[in-house]
Amino acid sequence: RGQAASGHRRLICPSGGLHVRRGAASASGADMNRAKAAGARRPSAAAKPSGHPPPGDFIALGAKGAGGEAKAALLKPAAGGGLPLPLPLPPERKRDPPAAALPGLAKRPKLPPAPPLSALGRLAEAAVAEKRAISPSIKEPSVIPIEVVPTVLLDEIEAAEAEGNDDRIEGVLCGAVKQLKMNRAKPDTTLYLSLMYLAKIKPNIFATEGVIEALCSLLRRDASINFKAKGNSLVSVLACNLLMAAYEEDENWPEIFVKVYIEDSLGERIWVDSPHCKTFVENIQTAFNTKMPPKSMLLHGEVGRSGGDLSAGSSPHPSMPEEEDSQSELLIAEEKMSPEQEGQLMPRYSDLAESVEEYVLDMLRDQLNRRQPMDNVSRNLLRLLTATCGYKEVRLMAVQRLEMWLQNPKLTRPAQDLLMSVCMNCNTHGSEDMEVISNLIKIRLKPKVLLNHYMLCVRELLNAHRDNLGTMIKFVIFNELSNARNPNNMQILYTVLQHSSEQAPKYLAMVFQDLLTNKDDYLRASRALLREIIKQTKHEINFQAFCLGLMQERKEPQYLDMEFKERFVIHVTDLLAVSMMLGITAQVKEAGIAWDKGEKKNLEVLRSFQNQIAAIQRDAVWWLHTVVPSISKLAPKDYVHCLHKVLFTEQPETYYKWDNWPPESDRNFFLRLCSEVPILEDTLMRILVIGLSRDLPLGPADAMELADHLVKRAAAVQADDVEVLRVERIQLIDAVLNLCTYHHPENIQLPAG
C-alpha cells in the first residue's frame, strides 16, 4: 500500500504536496477531451440517479480495497486526516453542480461551483465507474475546506458575504465541519455554538451542495471511532439540526438524507434514535409514508411482564436480553409534538418519491437476501423495516419472516414493533396487502405475551382499511378448514367479533354462503364449524346480524351461475335453524328449566332470547317471500319444508339428522325453547300474503292453518312481562278474509251464469 501511495504522490506533483495546480498550464487538447468526457458521462448520470459522477477535482476510489484507502486519502483532501489546505479556490472560477448529484438542491439560491475534472480525475473516473454502478454509495465532500480558528469563524463568514464570495463561505463552513470531524469526541465549544448561531440567522448558507455533503459526512459512520465507548453523539446531533435549519422551509429534500438515514438506522443509530434529532428524522421518514405506532402502543407488550403470567416460573422476559436501549425508550414517554414542530413536519419527498422508494427497497432486499443465519439479523434491520412499512413491498418482505423473528428471543421486541407497523400500514387492500393478511393469519405464536400483542395488532389491521375485515374473516375460516390450521384461529375470530360487533357477523355469514355454493356438499362441515366458532367465542356474536347476513342476496358470478341453487336454499335454511338453537346459552337453558318449574329467575335472559328468535323468524319469512323466489324456483314441497323449518313447525328429526346435534338429552327441550316464542305482526302478515300469492307454492288453506298454529303457540307463552302478539294494521283481517274466499277448481266447466 505504501508503494502504491508513494507512486501516486510522484504522479500528482513532484514536490510531494497534495495540491494539484490548475490553470493556464493545462493543454487545450486536454480541455477538449475533458469536454467530451464530461458530455459523454452526463446522460448515464441522469439515467442512473444512484451513481453520480463526483463533482470537483478529486475522485473517491471507493471506501475499501487494497490500495484504496491510500489513494482515497490522496485524492480527497476534504475527507479528514490530510494536511490543512489554507489555499482558497480562485474566486473567479464559478462552478455548476451536476443536477443529478443532489436532486432537490437545484432551486437553492447559493450554488457551489464545480471545477472541470483534471486529467487525473478522468483516469480515476474510469476506475471508479464500475464500483459506483454496483454500490450506490454516498459521496464524500468535494469542496476544498478552508480552516479558520473557531473564534474568527463568524467574522470570516461576514467578510466573505460582504465580498459576495460564495465559494469562500462554502470553504470556511466545510473547514469548520472538518474540524468537528477531527474532534468528534470533544468538539470545540466556540465552533459549534458559532455554527448554531449561523444556522439561526443565515440558514441559507448551509444549503449548498458542498456543505450538505460535508454535514452528511458527519452523519455517516466513522469506522475509526467506537461510539459505544466514546458515547458522544454531539457532532451528529449538531449536523442534523444544522441541516434541519437549512431545509426547514424547503419542500423538496435531497436524496442523500435518506441514504445517511438508512446507513445510521442499520448501523449505530447514533442520531436516528436521538430525541434531539426527532424533527429532522421524522421529516426524512415522510418519504416512506409510514404510519408509525405510538410509543404507548409499543410498550403495551411490556405490560404483564411483572404480572407473573409467564409459564416459565420467574424467568426473565424472553425479549429483554442485552436490551441496552429499552431504558432510554421507556424514558422518552409519549412525547406530543409542540405546535412549532407540527408546523415543521410535512412531506419532503413528493418529487423524488419513486427514486427514494427504489433505493430503500434495493437496500432492504440486499440486507434480507444476504446469506446469513436467520438469528443473525440485526435488531436495527427490524427497526428500519418498521419505519419503512409504508411501502407495500416492505410489508410483504417483512411479514414472510415475522414468525421466525418473533420466536427469536434476541429479536422479540423489535419484531413486535414491526408486526404492529405492518398491521397499521396495511391500508391499500391491493393484491400485496391481501397477501400480507394471508401471511399474517398463518403466524403461530405460543407465549401469552406475544399472543396478546398479536391480537392488538389484529385490531389495528382492522382499523387500517375497511375491507380488511372481510378478507381477514375469509382467510381465517379457510385456514380453519385447511390441513394446516392455525391453533389461534378461534382467538383471532373472537378478537374480530369483539372489535366489529356489527359488521363481523355479516362477513362471517358471507363466508358460510361461499362454502355452501361449493360443488361438494359442505353442510355438515359448516354446521360443525359454526358450532365450534360459537363455542370458542363464548356466544359473543350478534345472532340476528349473522342470520340476516346468511339471507342477503348475492350478485357475484359464482352465485348467479351456481349449479345447485335449490340445495343452497335448503342448506341456508338449515344453518338458520342451527343458529337459532345455538343462541341457547347456559343461562338461557337454566332460565328455561326454572320457568318450566314455575320459578321466575333470570327471566330477562329468557325473554331476550325469545325476542331474538321472533326477530330472526320474521327475517327468515321475509327472505322466503322476497329473496328465495329470485334465487331459484323451488319444488313446492321444498319451499313449504323451508318455511316450516325456520318457524320450528317441521318434524323434529329434520333438525338433528345431519350430525346428531343437539344431543339426545337436550333435543326436545331446545326445540321447545325455539318454538315457544312470540310472533311478530310482520311474520304473520307475510305468511298470509304468501298464501294469497299465485306464484308461491303455499296454498290458502295451508297458510291459514300455519297462521292459526303460530298464533295459538304464541298465546301459550303469554305472560305479564312479554308481549307475544301485537297487531296494528287492520289489513291483516282483510288478508285473513281473502284467504277464506272459496276458489272453484279451475279445470271444471260450469254452466253459464
Side-chain angles (χ1 to χ4, degrees), residues 474 477-478 481 506-531 543 546-582 616-661 671 674-675 683 686-703 705-707 710:
K474 187 171 185 170
I477 297 289
F478 282 18
L481 292 170
K506 199 173 88 186
Y507 284 110
L508 188 60
M510 287 167 76
V511 180
F512 274 98
Q513 284 182 318
D514 293 345
L515 287 175
L516 296 178
T517 57
N518 249 309
K519 272 202 176 108
D520 305 324
D521 184 341
Y522 263 88
L523 180 61
R524 201 174 255 113
S526 300
R527 282 177 65 116
L529 176 63
L530 183 58
R531 292 206 325 262
F543 284 97
F546 174 73
C547 290
L548 196 54
L550 283 175
M551 298 184 258
Q552 288 308 310
E553 188 175 359
R554 303 279 290 275
K555 298 286 191 202
E556 295 97 306
Q558 69 184 84
Y559 284 87
L560 300 175
D561 312 334
M562 193 169 24
E563 268 185 67
F564 308 100
K565 293 185 175 177
E566 295 78 11
R567 188 188 78 183
F568 174 76
V569 173
I570 293 168
H571 285 181
V572 168
T573 307
D574 188 77
L575 280 188
L576 290 171
V578 173
S579 306
M580 287 190 261
M581 291 192 284
L582 282 169
I616 295 173
Q617 289 182 342
R618 175 199 60 204
D619 295 342
V621 172
W622 159 82
W623 174 66
L624 284 161
H625 180 209
T626 57
V627 180
V628 169
S630 67
I631 298 177
S632 140
K633 194 161 172 43
L634 287 182
K637 70 173 190 13
D638 288 338
Y639 186 87
V640 174
H641 159 79
C642 290
L643 185 60
H644 279 286
K645 189 156 185 177
V646 293
L647 293 168
F648 284 86
T649 49
E650 189 51 284
Q651 294 302 313
E653 68 273 4
T654 56
Y655 293 94
Y656 52 76
K657 68 175 184 192
W658 292 101
D659 51 10
N660 282 327
W661 188 89
L671 290 172
C674 289
S675 54
T683 315
R686 268 187 204 279
I687 289 171
L688 300 176
V689 173
I690 292 173
L692 286 170
S693 156
R694 279 280 176 89
D695 306 325
L696 298 173
L698 185 71
D702 296 337
E705 196 179 332
L706 180 58
L710 292 173

Point-to-point distance, once rounded to the nearest 0.5 Å, from NZ of Lys519 to CE of Met562
13.0 Å
Could you walk me through whether Arg527 and Asp659 pass salt bridge (Lys or Arg N to Asp or Glu O under 4.0 Å), step by step?
CA-CA 8 Å; Arg527 282 177 65 116; Asp659 51 10; 3.1 Å; yes
Distance in Å, Glu566 CD paired with Ser632 OG, rounded so as to fall on 0.5 Å steps:
3.5 Å
Hydrogens and angles aside, do Asp514 and Tyr559 bring a side-chain donor and acceptor to less than 3.5 Å of each other?
yes
Pairwise side-chain contact, Ile616 with Ser579, heavy-atom cut-off 4.5 Å (strictly under)
no
Beyond-backbone contact of Gln617 with Trp622, side-chain heavy atoms, under 4.5 angstrom
no
If you take all heavy atoms of Cys642 and Thr573, which pair is closest and at what distance?
SG-OG1, 3.5 Å
Leu481 and Leu515: side-chain contact (heavy atoms from CB on, under 4.5 Å), yes or no, with the steps?
CA-CA 10 Å; Leu481 292 170; Leu515 287 175; 3.6 Å; yes
From Leu576 atom CG to Asp574 atom CG, the distance as rounded to the nearest 0.5 Å
9.0 Å
Roughly how far, to the nearest 0.5 Å, is the CE atom of Met581 from the CZ atom of Phe543?
12.0 Å
Specify the closest pair of heavy atoms between Thr649 and Tyr655, including all atoms of both residues, with the distance to one decimal.
N-OH, 3.7 Å
Nearest non-hydrogen partners of Ala509 and Gly549, listed with the distance
CB-C, 3.5 Å
side-chain contact (heavy atoms from CB on, under 4.5 Å) for Val572 and Phe568? Distances and angles first, verdict last.
CA-CA 6 Å; Val572 168; Phe568 174 76; 3.8 Å; yes
Is the backbone N or O of Gln552 less than 3.5 Å from a side-chain atom of Gln513, with the two atoms forming a donor-acceptor pair by type?
yes
Under 4.5 Å between any side-chain heavy atoms of Thr517 and Tyr522, yes or no?
no
Any side-chain heavy atom of Tyr507 within less than 4.5 Å of one from Lys474?
no
Are Lys565 and Leu634 packed together at the side-chain level, in the sense that at least one heavy-atom pair is separated by less than 4.5 angstrom?
no
Run through Leu698, Asp702, Leu696 and flag the one making a side chain to side chain contact (heavy atoms under 4.5 Å, CB included) with Val640.
Leu698
Using side-chain heavy atoms (C-beta onward) and a distance below 4.5 Å, is Ser526 in contact with Leu516?
yes
Minimal heavy-atom distance between Met551 and Ala620, with the atoms involved, is SD-CA, 3.5 Å
Quick one: pull up NE2 in His644 and CG in Leu647 and give me the separation to the nearest 0.5 Å.
8.0 Å
Would you say that more than 12 heavy atoms from the other residues, nucleotides or ligands in this model lie under 6.0 Å from the CD of Glu556, or not?
yes
Check whether any side-chain heavy atom of Met510 sits under 4.5 Å from a side-chain heavy atom of Arg554, and report yes or no.
yes
Reported CD-to-CG distance for the pair Gln558 and Asn518, which is rounded to 0.5 angstrom
8.5 Å
If you take all heavy atoms of Tyr639 and Leu624, which pair is closest and at what distance?
OH-O, 2.8 Å
Can His641 and Thr654 be said to form a side-chain contact (heavy atoms from CB on, under 4.5 Å), step by step?
CA-CA 10 Å; His641 159 79; Thr654 56; 4.2 Å; yes
Tell me the closest heavy-atom pair linking Glu553 and Ser630, and the distance in Å.
OE2-OG, 3.3 Å
Any Asp521 side-chain heavy atom under 4.5 Å of His571 side chain:
yes
